[in-house]
Student: 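Starting off with a structure, shown below.
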Amino acid sequence: MTTPRPEFVKLTGHNNFTQRLVISTLTGRPVHISKIRPNSPTNPGLAPHEVSFLRLLEAVTNGSSMQISYTGTTITYQPGLITGAVAGFGADGDMVEHNIPATCTRGITYFLLPLCLLAPFSKAHMNVRFSGPGVITAATETGDISVDSFRTAILPLYDLFGIPAIRIELRVLQRSCTGQRGSGGAGIVELRFASQVRLPKTLHLHRNPGRIKRIRGVAYATGVSASNNARMIYSAREVLNRFCADIHIASQYDQAPLVADAKLGGKKRMGIGFGLSLVAESNITGVLFSADSVVPAKGGTVPEDVGKRCAYQLLEAVSQAGCVSRAAAPTVLTLMAMGAEDVGRLRIGREIVGREEIIELARDLKKFGASSWGLRDIDEDETEDIIIAVKGSGLGNVSRKVA
């Protein structure tokens, strides 16, 4: 007797598109998403970066199927097994090659964040190389963080769940910023995720977040004068020196990528720009705050303004309190929901809990069968932080035997 197939989880809208597909893949429940930009007069349906993510998801899984309507406003997705970089299932050797089109307007972390949520539950190592004219390694105006903030403020958090971050490697082979029209960068990024686990550990990060002990950062310039890095660093330190003595900001300069131009018949430079990434580390293990600032694609901003803006954004992130930043909160909460069948606790700022992406995450997890969250105010101090209690679903990695 065949087992009945699970019913589709029906959702609407294009918001949190990658988050919904990741939860569907982890839980094994198919999803039906409709009304994807139905009222857009020029670009209805799926955007180029969303189609590119679907192709990436198809490459790192086996048995998944997708059906997209003619207008692209409706998609049905049936998840398969997360295989990673397995030869014959989308990988060439031990590496999955993923090409991002030039029309992509999102940063590379739009793909890295959901990919790293799938990687611990993969059958094999998750090795993916991102290339193509659409790879943007810098922060973007659409809200994506830079690869530097992702490497220093997101990846170390996997240690809290028993996923060794030392076996996670992120290589930036070619840096790039956003193109003149807000799309295209031609960077090259390589992710090697070799930390596969049976079940993430239960997280208990609900104590006082402590005090900031050091600030680290990276100032990067691509295809412009390297003196822009020194100007950003100087203006950022003017703001931060009053709050922390241990500050070190590295300077990174790269030539702009050279790509072929079909219209002119020659080659041109892409991904020109500069930006700054800052990370504040607390004396409590696992408490990190990050901030990113980058010159707009249209230009017109001096390096001093970029440096000061990034410094003030970092101070604002620290002032929101809690033990997790806004950029890392969805990753931490998703891993808590997918972990062992025990109640984990996380201290988080009230402003972060009230953000739309966190509320949508809680609703999506509930629709896919996860437990509801428990919230209570902090009584030990005068802050307005909230303790979130999340019960793990105990799904874990189906490709590995139970220990």
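In this chain, residues are counted from 1 in sequence order.
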Student: Can you name the one residue among Arg231, Arg237, Arg309 that meets salt bridge (charged side-chain N to carboxylate O under 4.0 Å, His left out) with Glu304?
Tutor: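 Exactly one pass, corresponding to Arg231.
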Student: Please determine whether side chain to side chain contact (heavy atoms under 4.5 Å, CB included) holds for the pair Asp246 and Ile215, giving the CA-CA distance in whole Å, both sets of side-chain angles, and the decisive distance to 0.1 Å.
Tutor: CA-CA 6 Å; Asp246 187 1; Ile215 296 176; over 6 Å; no
Student: Can you find a heavy atom in the side chain of Leu115 that is under 4.5 Å from one in the side chain of Leu191?
Tutor: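 Leu115 reaches Leu191 side chain to side chain.
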Student: Report yes if the side chains of Leu118 and Leu26 come closer than 4.5 Å at any heavy-atom pair, otherwise no.
Tutor: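 Yes - at least one pair of side-chain heavy atoms lies under 4.5 Å apart.
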Student: Return the set of residues passing salt bridge (Lys or Arg N to Asp or Glu O under 4.0 Å) with Glu190 (not counting sequence neighbours), or none when no residue passes.
Tutor: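 Scan of Glu190 (salt bridge (Lys or Arg N to Asp or Glu O under 4.0 Å), adjacent residues dropped) gives Arg129, Arg171, Arg192.
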Student: Check this for me: does any side-chain nitrogen of one of Glu360 and Arg363 sit under 4.0 Å from a carboxylate oxygen of the other?
Tutor: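 A salt bridge is present here (some side-chain N lies under 4.0 Å from a carboxylate O).
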Student: Look at the rings of Phe111 and Phe53 and say which category their plane angle falls in: under 30° parallel, 30 to 60° tilted, over 60° perpendicular.
Tutor: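 Phe111 vs Phe53 ring planes: tilted.
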Student: Any side-chain donor paired with an acceptor under 3.5 Å for Asp364 and Gln19?
Tutor: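 Yes.
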Student: State, without any angle test, whether Ser290 and Arg216 hold a side-chain donor-acceptor pair at a distance under 3.5 Å.
Tutor: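 There is no such pair (donor and acceptor under 3.5 Å, judged by atom type) between the side chains of Ser290 and Arg216.
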Student: So, Ser52 versus His98: side-chain donor-acceptor pair below 3.5 Å or not?
Tutor: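 Per modelled atom types, Ser52 and His98 side chains form a pair under 3.5 Å.
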Student: Are side-chain N/O atoms of Asp144 and Thr109 paired as donor and acceptor at under 3.5 Å?
Tutor: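 No - no donor-acceptor pair under 3.5 Å links their side chains.
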Student: So, Asn62 versus Thr83: side-chain donor-acceptor pair below 3.5 Å or not?
Tutor: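 On atom types as modelled, these side chains do not qualify, holding no pair under 3.5 Å.
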Student: Are a donor atom and an acceptor atom from the side chains of Asp254 and Gln252 found within less than 3.5 Å of each other?
Tutor: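 Their side chains do contain a donor-acceptor pair, which is all the 3.5 Å distance test asks for.
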Student: Looking just at side-chain N and O atoms, do Lys366 and Ser372 make a donor-acceptor pair shorter than 3.5 Å?
Tutor: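 The answer is yes; a qualifying pair exists.
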Student: Does Arg37 pair with Glu50 as a salt bridge, N-O distance under 4.0 Å?
Tutor: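 A salt bridge is present here (some side-chain N lies under 4.0 Å from a carboxylate O).
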Student: Would you mind reporting whether Thr202 and Val343 have side-chain heavy atoms less than 4.5 Å apart?
Tutor: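 No, every pair of side-chain atoms sits at 4.5 Å or beyond.
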Student: Are the aromatic rings of Tyr77 and Phe17 close, with centres under 6.0 Å apart?
Tutor: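 Judged by ring-centre distance (under 6.0 Å), Tyr77 and Phe17 do not meet the cut-off.
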Student: For a salt bridge (charged side-chain N to carboxylate O under 4.0 Å, His left out) check, start with the C-alpha distance between Asp148 and Arg151, then their side-chain angles and the critical distance, and finish with the verdict.
Tutor: CA-CA 5 Å; Asp148 301 291; Arg151 177 171 48 193; 3.1 Å; yes
Student: Using side-chain heavy atoms (C-beta onward) and a distance below 4.5 Å, is Thr331 in contact with Leu117?
Tutor: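 Contact flag for Thr331/Leu117 side chains = yes.
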Student: Is it the case that the ring center of His49 lies less than 6.0 angstrom away from the ring center of Tyr110?
Tutor: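 Yes; His49 has its ring centre under 6.0 Å from that of Tyr110.
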Student: Find out whether Phe161 and Pro120 are in side-chain contact, i.e. whether some heavy atom of one side chain is under 4.5 Å from a heavy atom of the other.
Tutor: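 No, side chains not in contact.
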Student: Using a distance-only test with no angle check, is there a side-chain donor-acceptor pair under 3.5 angstrom linking Ser34 and Thr12?
Tutor: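 No, Thr12 and Ser34 have no side-chain donor paired with an acceptor closer than 3.5 Å.
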